[in-house]
Amino acid sequence: MKHLISIYDLSAEQINNIFNLSKTLKSQQKEGLEHHHLKGKTLGMIFTKSSTRTRISFEAGMYQLGGSALFLSSSDIHLGRGETIKDTAKVLSRYLDGIMIRTYKHSDVEELAKHADIPVINGLTDLMHPCQALADIFTMIEVKGSLKGRKLAYIGDGNNVANSLIHICTKLGIDISIATPKGYECNSMVIHESFKEANISGSKVTITQSVQEAVSNSDVVYTDTWVSMGQEDEKEERIQIFSPYKVTKDVMSMAKPDAVFMHCLPAYREYEVSEEVIDGPQSVVLDQAENRLHVQKAVMTLLINPQPLPCFQ
Ligand code: CP
Ligand code: NVA
């Protein structure tokens, strides 16, 4: 594992290694045990989009690991005014031990990774959100125990979060059904890759426009905003198109009785999800948000300091 750009690049074994280390780091953090595996290391965090969870969990995570993190707004560094990605990658590699980037074009992250001599972590692009998907499935394991025979239903926009969820579910043998309006399906390359993975892992993949079909018999009902960052101009049109895809109590009742509700946040109450669902007893959205911290600490440790540390054995 050299970078984390897409879940598709990881094997099931690598994902499980991340989860094992996440569990260790989470309990060390809760018990107040020092775990300075990245002492003296520095992470640069390039942002061309807003963030609450990603920025804060990476920054706090680096601090807890004994290192430090630099917030690099693209409007403050020369990347935002025309310095090439290649030069940025080469220069940052001389100062830093890792780069996390959140931006629009997925190809920009691939380009950064191609030229960087240090690990690059995708903190969200228009196409993918791998750190979120890792934290989500780690949360699903915590809540549901074994993943065997589990089904995740994603309802709404076939966006970056949905793309990374279909990647990770098919890597790990979790059944996944995605209900989107026509024209808002997941990325076709991601679907193709996921069907290939499903043949190996045994996941059942369902792509549908029917909420009822997707949610039926599911263990997790997941949704995300209908208007992702960069789509603000389409807001009114999207609200009309997506309104039948709102997750309500009625939708939750189509899932298994002990199903949980997930959302990557930020959430827009009474658009993609009703207040009573997101703030109700089935919701695990805050666990997901917390687990971003623990899972990303594991990812950073494995990428930046992959020596087998005694506490991981
Ligand atoms: N879920 C997520 O990535 O949140 P932020 O946009 O706040 O980082
Ligand atoms: N799909 C959302 C996720 C935010 C974490 C967006 O890209 O804005």
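Read the numbers this way: they start at 1 and go in the same order the structure lists the ligands and their atoms. Counting from 1, the numbers follow the sequence of the chain as shown.
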K49 touching ligand 1 at heavy-atom level, < 4.0 angstrom: no
Between Y184 and F242, ring centroids under 6.0 Å: yes
Sub-4.0 Å heavy-atom approach of L265 to ligand 1: yes
Salt-bridge present (E290, K30; N to O < 4.0 Å): yes
Neighbour count above 12 (heavy atom, 6.0 Å) for H78 NE2: no
Close-contact set for ligand 1 against H129 heavy atoms, below 4.0 Å: 2 (C), 3 (O)
Top protein contact for atom 2 (C) of ligand 1, by heavy-atom distance: R292 NH1, 3.3 Å
Under 3.5 Å side-chain donor-acceptor pair for K23 and H294: no
Nitrogen or oxygen of P266 less than 3.5 angstrom from that of ligand 1: no
Under-4.0 Å salt bridge between D9 and K2: no
Quiz item: cation-pi between K246 and Y271, 6.0 Å / 45°: no
Minimum side-chain heavy-atom gap N217-K256 below 4.5 Å: yes
Atom indices of ligand 1 within 4.0 angstrom of R102 heavy atoms, with elements: 2 (C), 3 (O), 5 (P), 6 (O), 8 (O)
Q132 and D136: side chain donor to acceptor below 3.5 Å: yes
S201 side chain to S203 side chain, donor-acceptor N/O pair below 3.5 angstrom: yes
Close-contact set for ligand 1 against T52 heavy atoms, below 4.0 Å: 5 (P), 7 (O), 8 (O)
Amino acids in close contact with ligand 2, where any non-hydrogen atom sits under 4.0 angstrom away: L124, N159, N160, D224, T225, S228, M229, L265
Nearest neighbour in protein (non-hydrogen) for atom 4 (O) of ligand 1: R53 NE, 2.8 Å
Lys/Arg-Asp/Glu bridge criterion (N-O < 4.0 Å) met for D126, K49: yes
